[in-house]
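Inspection log for the structure reproduced underneath, given as structure tokens.
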Amino acid sequence: MKLATKLIHAGAEPDPSTGAIMTPIYQTSTYVQEAPGVNKGYEYARSQNPTRKALEDAYAIIENGKYALAFSSGVAATDSVIKLLNPGDEVIAANDMYGGSYRLFTKVWERYNIKFIYVDTTNPENVKAAVTANTKLIWVETPTNPLMNITDIEAMAAIAKQAGAWLCVDNTFASPYLQNPLDLGADIVMHSATKYLGGHSDVIQGCLMMNDKELREKLYFIQKSCGAVPGPQDCFLVLRGIKTLGVRMKAHCENGEKIAHWLRNHAKVAKVYWPGFEDNTGYAIAKKQMHGFGGMISFELKNDSEAEVKRVLSSTHFFSLAESLGGVESLINHPASMTHASIPREERIKNGLSDGLIRLSVGIEDADDLIEDLDKAIG
Ligand SMILES: *Cc1c(COP(=O)(O)O)cnc(C)c1O
């Protein structure tokens, strides 16, 4: 089955009790049992819920995985992966990643004696060099947020395999439409479903996809024991969002390409970060492992004074100034003060994330209107 068809039909069985074509929102906490221990596969809604099950089935199918689990947020999904580890274990993590993952790792999990080693994962040699006998997990994001750096997933999978560690890829920026890390050897794929999977900026949710049954059982145990599960209404919204992921991503890609090239030719723009430029260092790998380049773009102005950057950020009309990404509406964001403020300034600068960087989540409005909007704001 081709992806466009999968996106519409994945996980969607007519409801067994009524035939409803859309899986109903099963707003219930418990299920009545016929006799002690005799039930229909549902006992208590932290462990199982039919709306969540439909969504988890869909999640697995669209990432070409065997299993998937839904969580109450992307960070809850990330947190559950770290809970696979024991004190003393080491994680090799990308030095350029979502600020909230960095905060979770450094401020929460380091207190439990899990060690995180941050390296530039765009060069596999750096990752190889950081492997020790205690390495249990490699955590990468590609393209990265917000610098759009590309890491070779197959190379990471080979290093993880040799190290006897799991590879988890945060695939939020690409979405399953543009990249499928399980096909490239990753053990776990993580998404913030808040972004492209939900797609309408109306829900917070996360998910994990995997192929290994034992790993699924471990993560399911964590899901039900720690309880960071999404409610059925949120599951319904993501199920609905997934149906249009294909048409939305196509539009995000088309608009992203137009705007990235337009920005690059703008006299007041110094640098544009977008995975689809042929002269990028990571282009060959992006082309190999992605099916398109998406609608996430960052850029720097030639005049990157605080005042000018703030002026541009406050001057757009269709691009709303907000954190988050992946919705149908365009957003503009200032990573240094917003999404990535939890990363210490010197760390940020060292990794190339400047104070003046502006990040766009290009929506699916008409590209001409978006370009006109940016043109007026940049001046
Ligand atoms: C938003 C985001 C997360 C966190 O997800 P939440 O749903 O906000 O908890 C993780 N990784 C990336 C790349 C993100 O953009």
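Counting starts at 1 for both ligands and their atoms, following the listed order.
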Under a plain distance cut-off of 3.5 Å, with no hydrogens placed, do [Y] and [X] share a side-chain donor-acceptor pair?
| X | Y | result |
| --- | --- | --- |
| Asp79 | Trp109 | yes |
| Thr132 | Glu90 | yes |
| Gln223 | Ser80 | no |
| Gln33 | Glu43 | no |

Can you check which of Tyr196, Tyr98, Phe71 brings a heavy atom nearest to atom 8 (O) of ligand 1?
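Among Tyr196, Tyr98, Phe71, the closest heavy atom to atom 8 (O) of ligand 1 comes from Tyr98.
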Ligand-residue contact atoms, ligand 1 with [X], heavy atoms, under 4.0 Å:
| X | answer |
| --- | --- |
| Glu141 | 13 (C) |
| Leu325 | 15 (O) |
| Asp170 | 10 (C), 11 (N), 12 (C), 13 (C) |
| Thr172 | 11 (N), 12 (C), 13 (C), 14 (C), 15 (O) |

Against the six-membered ring of Tyr44, is Arg46 placed for a cation-pi contact (under 6.0 Å from the centre, within 45° of the normal)?
no
Ring-face cation of Lys195 near Tyr98 (centre distance under 6.0 Å, axis angle within 45°):
yes
Tell me which part of Gln205 gets within contact of ligand 1: side chain, backbone, both or neither, using heavy atoms under 4.0 Å.
backbone
Where on Thr194 is there a heavy atom closer than 4.0 Å to ligand 1, on the side chain, on the backbone, on both, or on neither?
side chain
Nearest protein heavy atom to atom 15 (O) of ligand 1, by residue and atom, and its distance?
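That would be Lys195 NZ, 2.7 Å.
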Any N or O of Gly74 that comes nearer than 3.5 Å to an N or O of ligand 1?
yes
Between Met338 and Leu301, is there shared hydrophobic-cluster membership here, with clusters defined by ILVMFWY side-chain heavy atoms closer than 4.5 Å?
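Yes; tracing contacts between hydrophobic side chains, which count when under 4.5 Å, links both residues.
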